[in-house]
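Quick notes on the structure that follows.
The shown structure was predicted, so the numbers you read here are calculated from the model rather than taken from an experiment. As a basis for the values below, the full set of heavy atoms in this structure was taken, side chains included, without hydrogen atoms, waters or symmetry mates.
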Amino acid sequence: MDHFELRGGELHAEGVPLSRLATEVGTPVYVYSTATLTRHYTVLRDAVAAHPTAFGDALIAFAVKANSNLSVLATLARLGCGADTVSEGEIRRALKAGVPPGKIIFSGVGKTDAELAYALDVGVRQINVESPAELDRLIAVAAGKGAVPDIAIRVNPKIGAGGHAKITTGGEGDKFGVPADEALALYARAAASPHVNPVGLACHIGSQITDLAPLEAAFRLLTDMTRTLRSQNLSVTRLDLGGGLGVPYAGGAQTASPADYAAMAARVLEGLEVEAAFEPGRLLAANAGVLLSRVIQITDRADGRRFVVLDSAMNDLIRPAMYDAFHEVKPVTPRPGPDRACDIVGPICETGDTFARDRLLPPLEAEDLVVFSGAGAYGAVMSSEYNTRPLVPEVLVDGDRWAVVRARPSWDEMLAREAVADWL
Ligand SMILES: *Cc1c(COP(=O)(O)O)cnc(C)c1O
């Protein structure tokens with residue numbers, strides 16, 4: 001459910017007409033809904049809270065990489081949400097947005113020594129170690145600082161899942177995590193070190209997962225491993241279940257609900273007496289954001305093909321080009337008339353800059369506004385200035401109020417970041 005709805009024939013973000021944002025901020029622009037973010041978080045929080053014995057003092061840590069805007073993070077932080085981070089920059093963002101260090105998890109395949117040192121200085125809740133080599137480096141960094149961080153070992157369960165090969169992370173050949181048998185040995189090795197404190201296991205098998213079966217299989221593997229480790233007198237107090245739950249991008253699409261997901265996880269974890277952590281990204285943010293864009297022109301070919309050319313492009317929203325992702329496209333002020341098939345494209349000089357082919361759209365004219373739905377996750381965070389297009393701005397709406405939470409850079413600001421070498 002989201003709070004982007006037609007009111008008086010015009011699409012609004014909560015109480016704010018999108019046409020007003022287009023006029024005042026310009027297009028393209030991302031627009032986020034506070035009420036939708038809040039609703040998605042509270043639905044998951046309540047689903048988790050329904051199973052207190054299974055999940056202990058559970059943590060929900062938003063995967064910052066899905067949407068790292070400071071105001072989005074601050075909105076979630078105020079609700080009590082933690083942060084799952086994959087870089088020093090993301091840790092800095094989470095802290096600036098008000099997430100306490102004790103609710104920050106540091107994940108990722110390639111953390112540098114400098115990043116590990118930063119995480120220790122800050123005192124994050126937990127560092128998820130993804131390889132034996134990383135454990136060695138963390139031990140060295142921690143020893144140098146006299147710190148003893150809580151760590152989890154990220155397991156590669158050889159169960160990949162997700163909406164596209166590029167967002168599957170738990171498969172055998174994927175770069176993430178440690179295979180189960182190696183992970184057991186690594187856990188024991190960590191426990192023998194005075195410089196790290198292994199507290200648990202983690203997994204994250206992929207993204208846009210719409211079926212619970214692969215997630216359940218991965219969680220069962222973690223619980224089996226927990227029992228094995230405990231039988232070796234090793235303490236395991238936390239299980240980090242990762243993120244990955246999918247969202248309906250198309251109206252009517254069926255995805256497992258947060259309640260079903262939590263109930264499944266509770267069945268698997270019940271009796272184990274661990275604290276669970278959940279790392280949703282897409283689930284909280286995707287349908288809390290739209291990309292608002294204007295039609296530059298309609299190009300009709302003699303063969304009947306119609307191109308709707310927008311002022312947004314793959315540099316603003318790369319998911320269709322990168323993951324063949326589907327986003328619903330809706331007019332802000334729908335005109336009456338029959339739908340017709342269109343190719344929806346941006347102005348960038350490559351064919352990959354195509355948002356959709358043969359998409360049925362209601363009548364559109366030049367200057368009309370449209371939105372891409374479900375653009376709140378992996379949208380603005382992946383934007384760039386390719387083709388020297390100014391970085392797309394972001395707006396947060398809350399009821400009737402709104403704020404520009406990332407401004408569009410001016411031409412001068414964009415060019416001032418570069419220098420002409422002094423010999424030129
Ligand atoms: C990307 C990521 C997530 C979030 O994935 P979603 O599919 O957006 O829920 C969670 N945990 C880790 C370790 C990740 O890399």
Side-chain angles (χ1 to χ4, degrees), residues 1 36-63 66 76-84 99-100 102-105 107 125-126 128 150 152-155 157 159 161-162 170 199-230 235-248 254-288:
M1 212 207 103
T36 313
L37 280 169
T38 303
R39 183 186 144 80
H40 291 169
Y41 175 75
T42 53
V43 164
L44 179 63
R45 182 197 60 196
D46 294 349
V48 167
H51 307 280
T53 56
F55 298 142
D57 191 9
L59 175 72
I60 298 176
F62 176 62
L76 292 169
R78 285 181 181 210
L79 296 167
C81 191
D84 172 52
V99 182
K103 288 186 181 175
I104 297 178
I105 297 173
S107 310
R125 169 194 180 88
Q126 170 182 317
N128 289 356
D150 286 349
I153 304 292
R154 176 162 174 187
V155 179
I159 303 161
V199 294
L201 300 168
C203 74
H204 171 71
I205 63 173
S207 198
Q208 187 52 16
I209 302 169
T210 53
D211 163 23
L212 294 178
L215 289 164
E216 177 164 358
F219 299 168
R220 288 207 182 278
L221 177 68
L222 292 190
T223 59
D224 290 346
M225 291 175 66
T226 299
R227 293 194 181 91
T228 305
L229 291 168
R230 286 176 174 171
S235 159
V236 182
T237 58
R238 293 186 196 157
L239 287 187
D240 178 340
L241 303 178
L245 195 59
V247 301
Q254 289 301 310
T255 56
S257 71
D260 291 347
Y261 168 75
M264 176 279 283
R267 272 198 311 280
V268 179
L269 267 56
E270 193 66 67
L272 206 59
E273 300 197 342
V274 288
E275 283 179 1
F278 300 88
E279 299 173 346
R282 192 185 306 273
L283 182 71
L284 302 190
N287 286 319

What's the spacing between [X] [atom1] and [Y] [atom2] if we round to 0.5 Å?
| X | Y | atom1 | atom2 | value |
| --- | --- | --- | --- | --- |
| I209 | L283 | CD1 | CG | 11.5 Å |
| T255 | D260 | OG1 | CG | 9.5 Å |
| L229 | S235 | CG | OG | 10.0 Å |
| I104 | F62 | CD1 | CZ | 13.5 Å |
| L221 | C203 | CG | SG | 8.0 Å |
| L37 | L284 | CG | CG | 7.5 Å |

Exercise for the section: Begin from the C-alpha positions of I159 and L215 and carry the test side chain to side chain contact (heavy atoms under 4.5 Å, CB included) through to its verdict. Expected result: CA-CA 8 Å; I159 303 161; L215 289 164; over 6 Å; no
Problem - More than 12 heavy atoms from other groups under 6.0 Å of CD on E273 - result: no
[X] versus [Y], closest heavy-atom pair with distance:
| X | Y | result |
| --- | --- | --- |
| S107 | E279 | OG-OE2, 4.0 Å |
| S207 | R282 | OG-NH2, 2.8 Å |
| P258 | L44 | CB-CD1, 4.1 Å |
| P248 | N287 | O-ND2, 3.4 Å |
| I105 | A277 | CD1-CB, 4.1 Å |
| P157 | A218 | CG-CB, 4.2 Å |

Quick one, [X] and [Y] - any side-chain contact, counting heavy atoms below 4.5 Å?
| X | Y | answer |
| --- | --- | --- |
| T38 | L76 | no |
| H40 | V247 | no |
| L245 | L212 | yes |
| L241 | L269 | yes |
| N128 | Q126 | yes |
| R154 | D240 | no |
| K103 | C81 | no |
| L59 | E275 | no |

Handout entry: Among R230, M225, R227, side chain to side chain contact (heavy atoms under 4.5 Å, CB included) partner for V236
Key = R230
Exercise for the section: May I ask you to check whether F278 and F55 place their ring centers less than 6.0 Å from one another? Expected result: yes
Exercise for the section: Just do the side chain to side chain contact (heavy atoms under 4.5 Å, CB included) check on H51 and R267 with the steps written out, would you? Expected result: CA-CA 9 Å; H51 307 280; R267 272 198 311 280; over 6 Å; no
Handout entry: side chain to side chain contact (heavy atoms under 4.5 Å, CB included) between I60 and R45, intermediate numbers included
Key = CA-CA 7 Å; I60 298 176; R45 182 197 60 196; 4.0 Å; yes
Handout entry: Pair V268-E270, side chain to side chain contact (heavy atoms under 4.5 Å, CB included): steps then yes or no
Key = CA-CA 6 Å; V268 179; E270 193 66 67; over 6 Å; no
